[in-house]
Novice: 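Please find one structure pasted underneath; my questions will follow.
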Amino acid sequence: MCGREIDFIRAALTEDWAVPLGPDCDAFEHELEEFVGQNKRVATLMSGTAAVHLALIGCGVGAGDEVLVQSFTFCASSHPVTYLGATPVFVDSELDSWNMDPVLLEEAIKDRIAKTGKKPKAIIPVALYGMPYQIDRIMEIADRYGIPVIEDGAEGFGSNYNGQALGTFGRYGVLSFNGNKMITTSGGGALICPDEESWREIMWYATQARESYPYYQHEAIGYNYRMSNICAGIGRGQMTVLAEHIAHHKHVQALYEELLREVKGITMHCNPGPEYDSNFWLCTATLDPELQVKGQENAYRQVVTGAVGGAAGVTHATSTAVTDCQPNDNVEAMRMALDAAGIESRPLWKPMHKQPVYRNNPAYTNGVSESLFATGICLPAGPWVTDEQVRYIVDTIKSSLL
């Protein structure tokens, strides 16, 4: 937080705008529109998940439909598909960006048409850890088959591909302002819409789908998804430091790359080429499977009793320390070593096609996301991570190696 948030909150309270709708919501939307460019309209919402849900509705997704979703991602990319009675069909990643593989994407489209007799209703690529996807190839395939693209840029606010903001290539673009994102509204998100008409339709659904009568008349199912004016005020304060946050994340990434360059068996995930401009929301690395870490023999010996990483919320207790798809022992040993040194790290996202809740869903895989999940780790990269702390983290990593 930069301090300006308090000024905006105080103004909102003074103006009695503590509810959804209000001048700060309008102003925040316009500031976001100016930032992403491309003459888009932006709807501010209560979460990035709500934005995915409404984008699917905007694409006409309903019960019995299929949606092609990147498998290597957080569950918020796929869960809203199931809210609508539709089926997520998972597509694996390519090695350069770690995001949706265009070759597998087209294979999946052809196969779903052959098997079901109809096209998938939407495609959802994800900017994993802020890294852009191969959006030019994805859009070419999507346009050729006439399938709308919903860009899940929840982790990619401030990332660009060929100089254009993520979320502005497809029909809709999803942003997140959760507490751990590039900027926060404490909790919140936004949907980048193609034009005024689609924006109005999205906001109508986000405001309980009310008809224009002097009483409450509903002819469609709507949702309570609007962002509050106070949260928008926080977002406006955060927008004043967005450029600093992005620059800092990139600086931290560059420092990790420099300090770990000569460490054998550890590889930082970097921009694959000049067209990629990641915000490096999280800095991620992979550990060679042959790398030996102190305490590796103790990996997965104890059952985890709570959520790993940050304010992750309530979890169910489990009776086993292992699953059929998990990070390698050396990755878990490194996580435990960092944790013992007061450093929070975590594994990469577990692929959705390996999640028990989606065990029966169609999936088009090549082994990339499972391999990355087995070998990858996320390192601290927030706005308050100092150069000294990065050096401490790297020194701890080095001292943990055998």
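Quick note: numbers below take in every heavy atom, side chains included, and nothing from hydrogens, waters or symmetry partners.
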Novice: Can any side-chain N or O of Asn271 pair as donor or acceptor with the backbone N or O of Gly273 at less than 3.5 Å?
Specialist: no
Novice: Kindly give the heavy-atom pair with the smallest separation between Leu291 and Gly265, and that separation in Å.
Specialist: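 In terms of heavy atoms, the two residues are closest at CD2-O, 3.9 Å.
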Novice: Judged by atom type as modelled, is there a donor-acceptor pair below 3.5 Å linking the side chain of Asn178 to the main-chain atoms of Gly187?
Specialist: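 No; zero donor-acceptor contacts below 3.5 Å.
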Novice: Atom OG1 of Thr73 and atom CG of Leu128: how far apart are they, to the nearest 0.5 Å?
Specialist: 6.5 Å
Novice: Run the salt-bridge test on Asp288 and Lys264 with the 4.0 Å N-O cut-off and return the result as yes or no.
Specialist: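 Salt bridge: no.
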Novice: Are more than 12 heavy atoms from other residues, nucleotides or ligands located less than 6.0 Å from atom CZ of Arg144?
Specialist: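 Buried by this count: over 12 neighbours within 6.0 Å.
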Novice: On a heavy-atom basis, which atom in Thr375 and which in Pro289 lie closest, and how many Å separate them?
Specialist: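 Heavy atoms of Thr375 and Pro289 come nearest at CG2-CG, 4.1 Å.
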Novice: How about Lys294 and Met334: do any of their side-chain heavy atoms sit closer than 4.5 Å?
Specialist: no
Novice: To check you understand the geometry: which heavy-atom pair defines the closest contact between Lys110 and Tyr145, and what is its length?
Specialist: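 In terms of heavy atoms, the two residues are closest at CE-OH, 3.2 Å.
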Novice: Taking NZ, NE, NH1 and NH2 as the nitrogens, is one of them in Glu33 or Arg41 under 4.0 Å from a carboxylate oxygen of the other?
Specialist: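 Salt bridge flag = yes for Arg41 with Glu33.
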Novice: Heavy atoms, side chains only, cut-off 4.5 Å: are Ser176 and Glu155 in contact?
Specialist: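 Of all side-chain heavy-atom pairs linking Glu155 with Ser176, none is under 4.5 Å.
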Novice: Under a 4.5 Å cut-off applied to non-hydrogen side-chain atoms, are Cys283 and Val252 in contact?
Specialist: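 Result yes, sub-4.5 Å side-chain heavy-atom pair found.
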Novice: Determine, step by step, whether Met139 and Asp136 satisfy the side-chain contact (heavy atoms from CB on, under 4.5 Å) criterion, reporting the C-alpha distance in whole Å, the side-chain angles of both residues, the deciding distance to 0.1 Å, and the verdict.
Specialist: CA-CA 5 Å; Met139 288 303 303; Asp136 49 355; over 6 Å; no
Novice: Should Leu379 and Leu282 count as side-chain neighbours, where that means a heavy-atom distance under 4.5 Å?
Specialist: no
Novice: Is there a donor-acceptor contact under 3.5 Å from the side chain of Asn99 to the main chain of Ala127?
Specialist: no
Novice: Evaluate Tyr358 against Thr82 for side-chain contact (heavy atoms from CB on, under 4.5 Å), listing each step before the verdict.
Specialist: CA-CA 10 Å; Tyr358 290 123; Thr82 68; 3.6 Å; yes
Novice: Does CD in Glu34 sit with more than 12 non-hydrogen atoms of other residues, nucleotides or ligands closer than 6.0 Å?
Specialist: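 No, because the 6.0 Å sphere around CD of Glu34 holds 12 heavy atoms or fewer from other groups.
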Novice: Grab the two heavy atoms, one from Met46 and one from Asn224, that are nearest each other, plus how far apart they are.
Specialist: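 Here Met46 and Asn224 meet closest at SD-O, 3.2 Å.
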Novice: Please check if the side chain of Asn279 supplies one atom and the backbone of Gly158 the other of a donor-acceptor pair under 3.5 Å.
Specialist: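 Side chain of Asn279 to backbone of Gly158: no pair is present.
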Novice: Heavy atoms only: give me the nearest Pro272-Met131 pair and the separation to one decimal.
Specialist: CD-SD, 3.7 Å
Novice: Would you say the side-chain atoms of His249 pair up with the backbone N or O of Trp281, donor to acceptor, closer than 3.5 Å?
Specialist: yes
Novice: Give a yes or no on whether a salt bridge exists between Asp65 and Lys118, defined as a side-chain N under 4.0 angstrom from a carboxylate O.
Specialist: yes
Novice: Assess the residue pair Leu45 and Leu54 against the criterion (side-chain contact (heavy atoms from CB on, under 4.5 Å)); give the C-alpha distance rounded to whole Å, side-chain angles, the decisive distance to 0.1 Å, and a yes or no.
Specialist: CA-CA 10 Å; Leu45 303 165; Leu54 293 179; 3.9 Å; yes
Novice: With no hydrogens and no angle check, is any side-chain donor or acceptor of Ser369 less than 3.5 Å from a backbone partner on Pro351?
Specialist: no
Novice: Does a sphere of radius 6.0 Å around CE in Met336 hold more than 12 heavy atoms from other residues, nucleotides or ligands, not counting ones at 6.0 Å or beyond?
Specialist: yes
Novice: Within a 6.0 Å radius of atom CD on Glu219, are there more than 12 heavy atoms belonging to other residues, nucleotides or ligands?
Specialist: yes
Novice: Report yes or no: does Ser371 contribute a side-chain atom to a donor-acceptor pair with the main-chain N or O of Val368 at less than 3.5 Å?
Specialist: no
Novice: Check whether the side chains of Arg261 and Tyr256 place a donor and an acceptor atom closer than 3.5 Å, and report yes or no.
Specialist: no
Novice: Is any side-chain heavy atom of Arg210 closer than 4.5 Å to one of His218?
Specialist: yes
Novice: side-chain hydrogen bond (donor to acceptor under 3.5 Å, both in side chains) between Ser93 and Asp101: does it pass, once the steps are laid out?
Specialist: CA-CA 5 Å; Ser93 297; Asp101 185 337; over 6 Å; no
Novice: What about the rings of Tyr276 and Tyr161, do their centers lie closer together than 6.0 Å?
Specialist: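 Centroid separation for Tyr276 and Tyr161: below 6.0 Å.
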Novice: Counting only heavy atoms not in Asn39, do more than 12 fall under 6.0 Å of its CG?
Specialist: no
Novice: Ignoring hydrogens and geometry, is there a side-chain-to-backbone donor-acceptor pair from Gln296 to Ala299 under 3.5 Å?
Specialist: no
Novice: Once rounded to the nearest 0.5 Å, what's the spacing between atom OG of Ser198 and atom CG of Asp195?
Specialist: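 Here the interatomic distance stands at 4.0 Å.
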Novice: I need the minimum non-hydrogen distance between Pro347 and Phe373, along with the two atoms involved.
Specialist: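 Heavy-atom minimum between the residues: CB-CE1, 4.3 Å.
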Novice: Counting only heavy atoms from other residues, nucleotides and ligands, does the tally under 6.0 Å from CD of Gln302 exceed 12?
Specialist: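 Incorrect, the count does not exceed 12.
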Novice: Check whether the ring centres of His53 and Tyr225 lie less than 6.0 Å apart, and answer yes or no.
Specialist: yes
Novice: Please report the interatomic distance CD1(Ile141) to CG(Leu105), rounded to the nearest 0.5 Å.
Specialist: 5.0 Å
Novice: Test side-chain contact (heavy atoms from CB on, under 4.5 Å) on Thr286 and Val331 and set out the steps.
Specialist: CA-CA 9 Å; Thr286 54; Val331 174; over 6 Å; no
Novice: Would you please indicate if the ring centroids of Phe157 and Phe35 are separated by under 6.0 Å?
Specialist: yes
Novice: Do we see a donor-acceptor contact under 3.5 Å between the side chains of His353 and Ser71?
Specialist: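 A donor-acceptor contact under 3.5 Å links the two side chains.
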Novice: Say you draw a straight line from CD1 of Ile377 to CG of Leu372; how long is it, rounded to the nearest 0.5 Å?
Specialist: 14.0 Å
Novice: On the 0 to 90° scale, with breaks at 30° and 60°, tag the His79-Tyr83 ring pair as parallel, tilted or perpendicular.
Specialist: tilted
Novice: Roughly how far, to the nearest 0.5 Å, is the CD atom of Glu5 from the OG atom of Ser186?
Specialist: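 One gets 10.5 Å once the value is rounded to the nearest 0.5 Å.
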Novice: Quick one about Asp111 and Tyr364 (side-chain donor to acceptor, distance below 3.5 Å, no hydrogens or angles considered), yes or no?
Specialist: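 Yes, Asp111 and Tyr364 have a side-chain donor paired with an acceptor closer than 3.5 Å.
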Novice: Do Asn330 and Glu290 come within less than 4.5 Å of each other through their side chains, counting heavy atoms only?
Specialist: no
Novice: Strictly below 4.0 Å, N to O, side chains only: are Asp339 and Arg335 in salt-bridge contact?
Specialist: no
Novice: Can you find a pair of side-chain heavy atoms, one from Leu68 and one from Pro120, that are under 4.5 Å apart?
Specialist: yes
Novice: Would you mind reporting whether Ile109 and Arg112 have side-chain heavy atoms less than 4.5 Å apart?
Specialist: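 A side-chain contact is absent here, since even the closest heavy-atom pair is not under 4.5 Å.
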Novice: Checking the side chain of Ser47 only, and the main-chain atoms of Gly188 only, is there a donor and an acceptor separated by less than 3.5 Å?
Specialist: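 Such a contact is absent between Ser47 side chain and Gly188 backbone.
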Novice: Between Lys121 and Glu66 (salt bridge meaning N to carboxylate O under 4.0 Å), is one present in this structure?
Specialist: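 Salt bridge flag = no for Glu66 with Lys121.
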Novice: Under the 3.5 angstrom rule, does the side chain of Ser159 hit a backbone N or O of Leu166 as a donor-acceptor pair?
Specialist: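 Pair absent, no side-chain N/O of Ser159 close to backbone of Leu166.
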Novice: Could you give the distance from CE (Met268) to OG1 (Thr284), rounded to the nearest 0.5 Å?
Specialist: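 So the gap between those two atoms works out to 6.0 Å.
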Novice: Look at the aromatic rings of Phe28 and Phe177 and report parallel, tilted or perpendicular, splitting at 30° and 60°.
Specialist: tilted
Novice: Parallel, tilted or perpendicular: which one describes the rings of His248 and His251, with boundaries at 30° and 60°?
Specialist: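 Ring orientation of His248 relative to His251: tilted.
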Novice: Tell me if the centroids of the rings in Tyr129 and Phe280 come within less than 6.0 Å of each other.
Specialist: no
Novice: When you compare the side chains of Gln208 and Tyr216, does any donor N or O come within less than 3.5 Å of an acceptor on the partner?
Specialist: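 No pair is found: no donor N or O on one side chain lies under 3.5 Å from an acceptor on the other.
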Novice: When you check the side-chain N and O atoms of Gln70 and Trp98, is any donor under 3.5 Å from an acceptor?
Specialist: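 Checked: Gln70/Trp98 side chains show no N/O donor-acceptor pair below 3.5 Å.
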